Structures are given as C-alpha cells and as structure tokens.
Asker: 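What follows is a structure written as structure tokens; I'll ask about it next.
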Amino acid sequence: MLLLISTLIAYHFEAPLIQQWLTQANWLPYACLIIAGVIAWQFGRSRLVWLSLFLLLIVQPIDPEWLEVGMAHTARFCFILLMLSWLILSTDKGFSPTNLLIALVTIALVAAACLWLLPVLASHSQSNNYLLTPATSWLFQLWPGLRQWFTSTELLITLLSLVLVLVRSFMQANNSQIALLVAWLSLVILHCINQLAPNQLVVITLAIIVCIAVIRDSFAMAFKDELTGIPSRRALMQYVQTLGRKYTLVMADIDHFKKFNDTYGHDVGDEVLKLVASKLNKVTGGGKAFRYGGEEFIMLFAGKSSKDVIPHVEAIRELIADYDIALRAKPRPPKPEQKTPSKPAKDKIVKVTTSFGVAEKTSEHSDFATIMKQADIALYAAKKAGRNCVKMAKQ
C-alpha cells in the first residue's frame, strides 16, 4: 500500500516528466508484467500469474469495433474487477489441465457477460425501469461526485465486489492475498483517474508488488514452521550465523508429549504444539523462539549469559504450566431404551508442562553443535529431576 501511495503521489507532482518517460519506454509495463508472471509461475503462485495477465488489459488503449468507447471502458473495468474478485476468493490451484479448463471457462463466461449483458443492463438502467438505478441512487445523492467516476452498473458491481473481497482478505491475509487486494484497489483508483500514463505507472508498481509477494510467501514457507507459525529449524541455522561472541541457547521439550498424543489424538497434540509455540514466542529478555523438530523447541538469547536468561525462562515455564487446556467432550450417544440423548459430558481440563535445558557459549564450548549438546544434556537432567523445571549445563 505504501508503494502504491508513493507511486500516485509521485505522479501527482511529476506528471509531465513521468508521462514523457513512459512515452519513451512504453514497453516497460509489459516487460515488468511478463517478469512478474514468470516468477509467480516458477513459485507456483497461479493466482498471481493470472493477475499479471489481467493487468495487461489495463495498459491497453480502448479501441473496440463492437462497442462504444464509453461502454467498452465499463466492460473492461467490470471484467477486470470481477476477475480480480474471483482470484481473491479462490486459492492457488496450479495449472493442471482440469484447473486450466475451469479457469478458461470462468474467464470466457465473465467476458461474455461483460460484453453482451452489460450493454443491456445499461440501456434498461437509463430508462429508469431497472433495479440498478434505485439501488445506487441514494449513493449518488449522498456523494454527487460519484457520477463522474461510476455508472450505476459499475458502482453496484464495485460495492458487491468490495464486500466479498474485504471479507475474504480478513479471513486469509497472506502476501499473495494482500497483493491481489492492492491490485483491486488500484483498478478502482485508475478507473476514477481514467488516464493512460498513471495506468502504466501503477501497473509497473503492481508488477513489483507481485514479485515482493512471491518472495515473502516463499520466505515464509522456507523459514517458518507451517504448524506453529514460529521460525523453523532452517531459520534457526541462519540466525545462528548472525550471533556474536556471546549468546545463550535454551532447549525446550514438552513433557510426556507422546503419551499425551496417543491418549487424546494427533489433532489435540497439534493444538498443544501451537499453544507451547505461542507461549515460547512471547519470551522476554530478547529471546527468539524456533521449532527445532517434533516437540522440541529452541530459544536463543543474543548477548546474554545463562544467569541472565534463567528468570525469563522460568517465567515462560510457569506461563505454560499454569495454562488450562479444555478438551471438548463429545455428547454420549443415547442408550436403546432412552428417547433423548444423555447430558453432554463436561469438558476435561488438562495441563501441559515443559522442561528446559540452558547452555551458553564459552571459550571451551564455542561451536553451535557443542552448545546444543550441552543444552540437551541439561534438558535430560531436567527430565530426570522430575520435569517441568529449568536446568543449567555444567560448563
């Protein structure tokens, strides 16, 4: 959004210079969209590939033979708006023959509706016998300036699309989704401006945003744990390289997790992992939490000694141990002689505890693998001492 706003501000103050520059480099928007589409395709972001294709229509001047210029402008706007709404409401499904056929059929149906149905709706709307006129008249009365930017058909489609887009974007707010939302907003803004030069400039900006979204989503997939949402083991190994001469490593392990998983099921076990990860991620004292694997987690404290981090680790241990986990009980099925089911059982409250092993970097133990081994020994000592405690390595 900041990039888009900066682009529009730059055009507002330097319009003649930007128009001259874009006239000399009118190929640039197409090149940027092709690059963005290829990058999105390589990383499996099918929605962003389609977005790059639809954005090509924005930089194309309108010169149709089968529609009037005003109606063609409306048809193009509604088509791209509906296509962006479709992308926002859908998910990345790749380019298998079946998915490609479904996408092409959807595009063909929407294009046919915009080319042949919209002129019919517009003619009925102008005769004041159509639903669109009373549906949007109160908005035109509230804000008369809207008539300069939207027809009744365009305004109604924009409002309906806006509701669906916002609801979907709040439900799924990843980088690709936000890039599509910014593209949707850009289309509405460009429709109001209705000039070729800002269209080209914004398309270049959107191509950059597509590349940023692909890179950030790929980074999240590579360096964030999919289940818990905290940095993964790969992110841990990269972060270690940035640490200085002094740091402390804390290894954490959920107590009796296998027994807990076998008793209550893997779904509950996954929820426990998410819970513990969310608590560890709130550690104070400058600590950074990572999921190492299974039920094991690691926290790193840059520039801190073991004695410095113990109070922060103890606080996290108590936070996890004091948290009540309510397991929803399913209602018991009725007995054959009973007409109504029995009362549902009460939710069961369980506790989860975590053991911690602490080790710091020293002159004797300066290698990361060695420090991890020391922390693992301390963690084993915590398990042996009864679990739900913090032990320091004897360094």
Side-chain angles (χ1 to χ4, degrees), residues 219-220 222-258 260 269-270 272-323 325 351-395:
F219 177 86
F223 293 96
K224 278 192 176 182
D225 181 63
E226 185 177 2
L227 176 64
T228 61
I230 66 173
S232 63
R233 184 171 180 172
R234 181 176 296 177
L236 166 68
M237 302 312 297
Q238 186 184 58
Y239 181 67
V240 168
Q241 300 175 6
T242 66
L243 296 174
R245 297 180 179 180
K246 183 179 181 181
Y247 64 87
T248 295
L249 185 149
V250 180
M251 184 171 285
D253 186 88
I254 302 175
D255 297 329
H256 300 296
F257 180 74
K258 187 178 184 303
F260 189 93
D270 289 345
V272 169
L273 288 172
K274 293 179 184 179
L275 166 68
V276 173
S278 66
K279 301 302 180 184
L280 295 176
N281 206 33
K282 297 178 181 178
V283 65
T284 56
K288 190 173 179 64
F290 303 84
R291 186 184 181 191
Y292 188 70
E295 67 271 23
E296 290 185 334
F297 299 87
I298 284 180
M299 293 185 293
L300 285 174
F301 294 81
K304 299 293 179 66
S305 65
S306 297
K307 293 182 179 180
D308 295 334
V309 308
I310 288 296
H312 304 287
V313 179
E314 283 286 356
I316 287 295
R317 181 194 64 78
E318 293 177 3
L319 183 66
I320 296 173
D322 295 340
Y323 191 86
I325 301 177
K351 298 279 190 179
V352 173
T353 60
T354 312
S355 300
F356 297 85
V358 182
E360 66 177 287
K361 182 179 180 180
T362 62
S363 57
E364 183 181 356
H365 306 99
S366 58
D367 183 68
F368 179 74
T370 307
I371 301 170
M372 275 198 60
K373 186 176 181 179
Q374 293 296 315
D376 190 51
I377 294 174
L379 177 63
Y380 180 76
K383 296 283 188 182
K384 198 172 182 180
R387 295 178 171 83
N388 191 26
C389 61
V390 181
K391 291 294 182 180
M392 289 175 51
K394 297 179 180 179
Q395 298 176 284

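If you're wondering where the values come from, they're calculated on a predicted model, not measured in any experiment. Scope of the values below: all heavy atoms of this structure, side chains included, with no hydrogens, waters or symmetry mates.
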Asker: Hey, could you give me the OG1/NZ distance between Thr354 and Lys279, rounded to the nearest 0.5 Å?
Answerer: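 Between atom OG1 of Thr354 and atom NZ of Lys279 there are 11.5 Å.
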Asker: Atom CZ in Phe223, atom OH in Tyr239: separation rounded to 0.5 Å?
Answerer: 14.5 Å
Asker: Identify all side-chain donor-acceptor contacts of residues 283-305 below 3.5 Å with residues at least two apart in sequence or on another chain.
Answerer:
{"unit_1": "Thr284", "atom_1": "OG1", "unit_2": "His312", "atom_2": "ND1", "d": "2.8"}
{"unit_1": "Arg291", "atom_1": "NE", "unit_2": "Gly294", "atom_2": "O", "d": "3.1"}
{"unit_1": "Arg291", "atom_1": "NH1", "unit_2": "Asp225", "atom_2": "OD1", "d": "3.3"}
{"unit_1": "Arg291", "atom_1": "NH1", "unit_2": "Asp225", "atom_2": "OD2", "d": "3.1"}
{"unit_1": "Arg291", "atom_1": "NH2", "unit_2": "Gly294", "atom_2": "O", "d": "2.9"}
{"unit_1": "Tyr292", "atom_1": "OH", "unit_2": "Arg233", "atom_2": "NH2", "d": "2.9"}
{"unit_1": "Lys304", "atom_1": "NZ", "unit_2": "Gly285", "atom_2": "O", "d": "2.7"}
{"unit_1": "Ser305", "atom_1": "OG", "unit_2": "Asp308", "atom_2": "N", "d": "3.4"}
{"unit_1": "Ser305", "atom_1": "OG", "unit_2": "Asp308", "atom_2": "OD2", "d": "2.9"}

Asker: Would you give the length of the straight line joining atom CD1 of Ile377 to atom CE of Met251, rounded to the nearest 0.5 angstrom?
Answerer: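 CE of Met251 is found 10.5 Å from CD1 of Ile377.
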Asker: Just verifying a value: how many Å separate Phe356 CZ and Ile316 CD1, rounded to the nearest 0.5 Å?
Answerer: 7.0 Å
Asker: Going through the checks in order, is the side-chain contact (heavy atoms from CB on, under 4.5 Å) test met by Lys391 and Lys384?
Answerer: CA-CA 10 Å; Lys391 291 294 182 180; Lys384 198 172 182 180; over 6 Å; no
Asker: Output yes when a side-chain donor or acceptor of Asp255 lies under 3.5 Å from a complementary backbone atom of Asn388, and no otherwise.
Answerer: yes
Asker: Rounded to the nearest 0.5 Å, how far does CG of Asp322 lie from CZ of Arg317?
Answerer: 8.0 Å
Asker: With the side chain counted from C-beta on, respond yes when Leu280 and Ile320 share a heavy-atom pair under 4.5 Å apart, and no when they do not.
Answerer: yes
Asker: If the condition is salt bridge (charged side-chain N to carboxylate O under 4.0 Å, His left out), which residues does Lys258 pass it with, not counting sequence neighbours?
Answerer: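 By the salt bridge (charged side-chain N to carboxylate O under 4.0 Å, His left out) rule, Lys258 matches Asp262.
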Asker: Which residues satisfy the salt bridge (charged side-chain N to carboxylate O under 4.0 Å, His left out) test with Lys373, sequence neighbours excluded?
Answerer: none
Asker: Where is the tightest heavy-atom contact between Ala222 and Ser232, given as atom of each residue plus distance?
Answerer: O-OG, 3.5 Å
Asker: Do the side-chain N and O atoms of Ser355 and Asp253 include a donor-acceptor pair separated by under 3.5 angstrom?
Answerer: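 Side chains of Ser355 and Asp253: no pair found under 3.5 Å.
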Asker: Could you pull out the closest heavy-atom pair between Ala382 and Cys389, with the gap in Å?
Answerer: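 Closest approach of Ala382 to Cys389, heavy atoms only: O-SG, 3.4 Å.
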Asker: Calculate, to the nearest 0.5 Å, the distance between atoms CD and CD belonging to Gln374 and Glu360 respectively.
Answerer: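 With rounding to 0.5 Å, CD (Gln374) is 11.0 Å from CD (Glu360).
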Asker: Does atom NZ of Lys351 have more than 12 heavy-atom neighbours, drawn from other residues, nucleotides or ligands, at distances under 6.0 Å?
Answerer: yes
Asker: Any side-chain heavy atom of Leu243 sitting closer than 4.5 Å to one from Phe368?
Answerer: no
Asker: Could you check if a side-chain atom of Ile254 sits within less than 4.5 angstrom of a side-chain atom of Leu273, using non-hydrogen atoms only?
Answerer: yes
Asker: Above 12 or not: heavy atoms from other molecules or residues under 6.0 Å from CZ of Arg387?
Answerer: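 Counting neighbours around CZ of Arg387, more than 12 heavy atoms of other residues, nucleotides or ligands fall under 6.0 Å, so yes.
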